[in-house]
Visitor: 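Could you have a look at this structure, given as C-alpha cells, before my questions?
The first residue in the sequence is number 1, and the count goes up from there.
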Amino acid sequence: MDRSIRPISIAIQAMGGQGGGVLADWIVSLAESQGYLAQTTSVPGVAQRTGATLYYVEIFPEHAARKAGRDPVLALMPMPGDVDVVIAAEFMEAGRAVQRGIVTPDRTTLIASTHRVYAIGEKTAMGDGILDDGKVLEAGEQAAKSFIYFDMAAVAESHGSVISSTLFGALAGSGRLPFERAAFEEAIRRGGIGVEASLAAFGDAFERAQGEPEAPDHSRPAPSEPDPQHPVLREQLERVRGRFPEVAHFNVVEGMRRLADYQDPAYARDYVDRVEAVLALDEAHGGETRDYLLTTETARYLALWMSYEDTIRVADLKTRASRFERFRREVRAGDDQLVYVTEFMHPRIEEICDTLPAPLGRLLLNSPRLQRPLEPFTRKGRHVRTATLSGFMLLWTVSRMRRWRRSTLRFREEMARIEAWLGRIHQTVAPDYALAVEIARCQRLVKGYGDTHARGLSNFNTIMGVIDGYDGDEEPAAVVRRLREAALAEEQGEKLAAAVAALDGGDDGETPQAAATRARPVRVGA
C-alpha cells in the first residue's frame, strides 16, 4: 500500500442532545458515497455536562485499498499529533481538545462553536466559576493549523435547526475534506429528517466558515424594562433618580425590581431605605473621588441577600409560565405536543421549620420529638411532576405563602443577619472605608439554600470573626479580600482555614483561629 496515502481523521466532541452522533453519521454517509471506506467509534461522556461524548471518524480512499489488495487498519481513538480535523460543539470543548493534545499546529483544523453551555463545575462554584473564553481562543489559535469559530448554535437556531447541521456546514466550508459541497448536502438529504432547515443552516455555516472568524461575545445587554406602574414603585423610582448618584442607579433600580417581584412593593421600599442610609455614609466618608463604591456594592449584595432562596421562592420560580415556555422552546415542542417536567426536591426538616411562623418553627426545630412524625417526608428526595395538576398545585400553593413570609422563621433570621451585616458596614466606614467595601462584598458567600447556604454562612461568619480578632500589620481590607477569595475557591473550606491559620495573632491574645471558631454559624433569634 502506498504509504503516502493515509486516512483522514476527524474527532468530534459534543454534549448529549447536540447531535454528535448525527454529525458522525453524515460524515460516514458522505465518505462512503464518494468511494471512501469509513469507520466511526464513540466514547460517551459521564453525564449531560460533566463530560462530552467523543466521536471519532477515519476515512480512507477505497481505490487505494483495492490497489494494495488489502483493507486499511483504521484507528479507534484520536492520538496526539494524528488528527486532521477536530470539531467542538461548544467552546470549552475546543479547550479540552487542545488540552488533550489532539490539536496540533502542523496538521489540525479546529472547528468550534463559540456559544457556552456551562459545566457543572462552573455552576456549582462558590464564586464566579465561569471559565475564561479568551484563554481558549488564544490556545486554539496557537495550537491549531487553522481555527474556524463562530456561534454555530445561534446560526442553527435562526434556521430552526440543530447545531449538527452548522458544524457539518463549517466542516464543508473548511475545505479539509476532498468532497464538493453538493455531496455534503446530499448526505443531509439521505438522512431524511428536518432536511430543509438543516440545509439552510448548513449553507449559512458554510459561508461563515470561509469568512473571518467571529469572536465569542457572551456579554449580556443591560435590561431595558419599562418603568413600574405600581404607585409605590413609581415613587421609589423617582426617589432613586433624584437622590442617588447616576453610577448607583442601575444596581438600586434593578434591586428594587427584584425585591418587588420577590415579595411586594413595600419590601422594595425597605430596600431603598437601607441603601439610602449607606449612601449617606458614602457621602460623608467616601473621600474626594466620590466613586460611591460602597453604595453600589451594598446595593448589589443587599438585593441578593433580601431575596434569599427559601422554599417559597423556589416553588414560585418553578411554577412560572415563563419557565414552562422556556422549556418548550428548548425542546422545540410543537403546539400539539405536551412537555412534562419532573422536579427533584429533597426538603430537610430545616426547610420545613424555616417556612413556618417563627415561634412554631423554632419550637419544631428544637424538638426531636415533634420532628419524628415528619421524618418519613424528609428521609429521601421526591419527584414532583409540575405538568400534572396535583404536582403543579402543590408547588403553586407553597409559592402563594409569600404573603406570610415576613412572619416565618427564616425571614426573621435573615433580617437579623442583614442588620448585623449593615451594622458592621456603618461602624467600619468612618475609620476604614476600604474595609467597609470588602465587608459589603463578603455577602456573596451567602447564597442558595440547604447545605450550600449553611457552608456559605459558615465561611461568612468565619471571616467576620477574623475581622473582630485581627491586629496584624497588613491592611484589614486586603486580609478580608484574600480570605473571601479563599472561601470562594472551593466549598469544603480547607483553603479558607489555611488562610486563617496563616494570619498572625489577634487582640487580647485571641488568635484568628479562635475568632473563626467563635464565629461558627448559629441560628439567630427573632
Visitor: According to side chain to side chain contact (heavy atoms under 4.5 Å, CB included), who are the partners of P61, at least two apart in sequence or on a separate chain?
Guide: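 P61 satisfies side chain to side chain contact (heavy atoms under 4.5 Å, CB included) with I5, Y36, H63, A64 only.
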
Visitor: Charged N to carboxylate O under 4.0 angstrom, R258 versus E254?
Guide: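 Judged by the 4.0 Å cut-off on N to carboxylate O distance, R258 and E254 do not form a salt bridge.
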
Visitor: Does V341 reach the side chain of F392, with side-chain heavy atoms less than 4.5 Å apart?
Guide: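 Answer no - side chains too far apart.
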
Visitor: Has the side chain of W26 got a donor or acceptor atom that lies under 3.5 Å from a matching backbone atom of R190?
Guide: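 No, the answer is negative, given that no donor and acceptor are paired below the 3.5 Å cut-off.
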
Visitor: With respect to F202, which candidate in T166, L167, I188 satisfies the side-chain contact (heavy atoms from CB on, under 4.5 Å) definition?
Guide: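 Of the listed options, the one satisfying the test is I188.
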
Visitor: Does M393, at its CE atom, have more than 12 non-hydrogen atoms belonging to other residues, nucleotides or ligands within less than 6.0 Å?
Guide: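 Enclosed: over 12 neighbouring heavy atoms sit under 6.0 Å from CE of M393.
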
Visitor: Does T41 reach the main-chain N or O of L76 with its side chain, forming a donor-acceptor pair under 3.5 Å?
Guide: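 Indeed, once roles are kept as given, a pair shorter than 3.5 Å links the two residues.
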
Visitor: Donor-acceptor check, side chain of R417 to backbone of L457, threshold 3.5 angstrom: yes or no?
Guide: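 Absent.
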
Visitor: Are S113 and F91 side-chain neighbours, meaning at least one heavy-atom pair lies under 4.5 Å?
Guide: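 No; the side chains remain at least 4.5 Å from each other.
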
Visitor: If you measure from the Lys or Arg side-chain nitrogens to the Asp or Glu carboxylate oxygens, is any gap between E474 and R482 under 4.0 Å?
Guide: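 Looking at E474 and R482, the cut-off is met.
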
Visitor: If you look only at distance, which donor and acceptor atoms sit under 3.5 Å apart when one is on a side chain in residues 168-182 and the other is two or more places apart or in another chain?
Guide:
from	atom 1	to	atom 2	distance (Å)
S174	OG	L171	O	2.6
S174	OG	R176	N	3.3
R176	NH1	D84	O	3.4
R176	NH1	R107	O	3.0
R176	NH1	T109	OG1	2.7
R176	NH2	R107	O	3.4
R181	NE	E185	OE2	3.1
R181	NH1	E207	OE2	3.2

Visitor: Can you list everything that forms a salt bridge (charged side-chain N to carboxylate O under 4.0 Å, His left out) with E186? Sequence neighbours excluded, please.
Guide: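 Salt bridge (charged side-chain N to carboxylate O under 4.0 Å, His left out) list for E186, sorted by chain: R189.
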
Visitor: Before accepting this row, confirm whether a basic side-chain N of the pair E93/R96 lies closer than 4.0 Å to the acidic partner's carboxylate O.
Guide: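 R96 and E93: salt-bridged.
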
Visitor: What heavy-atom pair brings G456 and V446 nearest, and what distance separates the two atoms?
Guide: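 Scanning both residues, the minimum pair turns out to be O-CG2, 4.3 Å.
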
Visitor: Side chains of L488 and R444, heavy atoms from C-beta outward: is any pair under 4.5 Å?
Guide: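 Yes, close enough: below the 4.5 Å cut-off.
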
Visitor: If you count every heavy atom of other residues, nucleotides or ligands that lies below 6.0 Å from E246 atom CD, does the total exceed 12?
Guide: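 Check fails, neighbour count at 12 or below.
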
Visitor: Is the side chain of Q13 donor-acceptor paired with the backbone N or O of L54 at a distance under 3.5 Å, no angle test?
Guide: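 Here the side-chain-to-backbone pair does not exist.
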
Visitor: Check for a donor-acceptor pair, side chain of T462 on one end and backbone N or O of S458 on the other, with a separation under 3.5 Å.
Guide: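 Checking the backbone N and O of S458 against the side chain of T462, a donor-acceptor pair under 3.5 Å is found.
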
Visitor: Can you tell me how far the CE atom of M345 sits from the NE2 atom of H383, to the nearest 0.5 Å?
Guide: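 With rounding to 0.5 Å, CE (M345) is 11.5 Å from NE2 (H383).
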
Visitor: Strictly by modelled atom types, are E414 and W305 linked by a side-chain donor-acceptor pair under 3.5 Å?
Guide: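 W305 and E414 do have a side-chain donor-acceptor pair below 3.5 Å.
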
Visitor: Just by distance, no angles: are the side chains of H159 and S161 close enough, under 3.5 Å, to form a donor-acceptor pair?
Guide: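 No.
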
Visitor: Nearest 0.5 angstrom please: W396 CH2 to L389 CG, how far?
Guide: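 One gets 11.5 Å once the value is rounded to the nearest 0.5 Å.
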
Visitor: Would you say L496 and R484 make side-chain contact, with heavy atoms under 4.5 Å?
Guide: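 No, every pair of side-chain atoms sits at 4.5 Å or beyond.
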
Visitor: Y340: which residues meet the ring pair (Phe, Tyr, Trp, His ring centres under 6.0 Å) condition with it, sequence neighbours left out?
Guide: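 With sequence neighbours excluded, Y340 shows a ring pair (Phe, Tyr, Trp, His ring centres under 6.0 Å) to no residue whatsoever.
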
Visitor: For a 4.5 angstrom cut-off between non-hydrogen side-chain atoms, does R257 reach V253?
Guide: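 When only atoms from C-beta onward are counted, V253 and R257 do touch, with a gap below 4.5 Å.
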
Visitor: Are any of the side-chain nitrogens in R320 or D316 under 4.0 Å away from the carboxylate oxygens of its partner?
Guide: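 Looking at D316 together with R320, the answer is yes, because their closest N to O distance falls below 4.0 Å.
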
Visitor: Just how far is it from atom CG of L23 to atom OG1 of T40, taken to the nearest 0.5 Å?
Guide: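 So the gap between those two atoms works out to 9.5 Å.
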
Visitor: Around E475, counting heavy atoms of other residues, nucleotides and ligands shown, do more than 12 lie under 6.0 Å from its CD?
Guide: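 Open: at most 12 neighbouring heavy atoms sit under 6.0 Å from CD of E475.
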
Visitor: Do V155 and R208 come close enough that some side-chain heavy atom pair is under 4.5 Å?
Guide: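 SC-SC contact between V155 and R208 confirmed.
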
Visitor: Under 3.5 Å, side-chain donor or acceptor atoms of residues 98-105 against the rest of the protein: list the pairs with distances, not counting sequence neighbours.
Guide:
from	atom 1	to	atom 2	distance (Å)
T104	OG1	D106	OD1	3.2
T104	OG1	T108	OG1	3.2

Visitor: Rounded to the nearest 0.5 Å, how far apart are CG of D151 and OG1 of T114?
Guide: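 One gets 4.5 Å once the value is rounded to the nearest 0.5 Å.
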
Visitor: So which atom in F184 and which in L30 form the shortest heavy-atom distance, rounded to 0.1 Å?
Guide: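 What the structure gives for the nearest pair is CE2-CD2, 3.4 Å.
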
Visitor: Restricting to side chain to side chain contact (heavy atoms under 4.5 Å, CB included), what partner residues turn up for E196, sequence neighbours left out?
Guide: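 Counting only residues at least two positions away or on another chain, E196 forms no side chain to side chain contact (heavy atoms under 4.5 Å, CB included).
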
Visitor: For a 4.5 angstrom cut-off between non-hydrogen side-chain atoms, does R410 reach Y308?
Guide: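 Yes - at least one pair of side-chain heavy atoms lies under 4.5 Å apart.
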
Visitor: Under the 3.5 angstrom rule, does the side chain of E438 hit a backbone N or O of V480 as a donor-acceptor pair?
Guide: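 It does not hold such a pair.
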
Visitor: Quick one: do R323 and E343 make a salt bridge, cutoff under 4.0 Å?
Guide: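 Salt bridge flag = yes for E343 with R323.
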
Visitor: Taking Y149 for its side chain and L137 for its backbone only, find out whether a donor-acceptor pair lies under 3.5 Å.
Guide: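 Side chain of Y149 to backbone of L137, a donor-acceptor pair under 3.5 Å: no, none is there.
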
Visitor: Does this structure show an ion pair linking D354 with R348, if we count only N-O contacts that are shorter than 4.0 Å?
Guide: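 Salt bridge between D354 and R348, a charged N being under 4.0 Å from a carboxylate O: no.
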
Visitor: Would you name the heavy atoms of A112 and M152 that are closest together and state the gap between them?
Guide: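 Shortest heavy-atom separation between A112 and M152 comes out as O-CE, 3.3 Å.
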
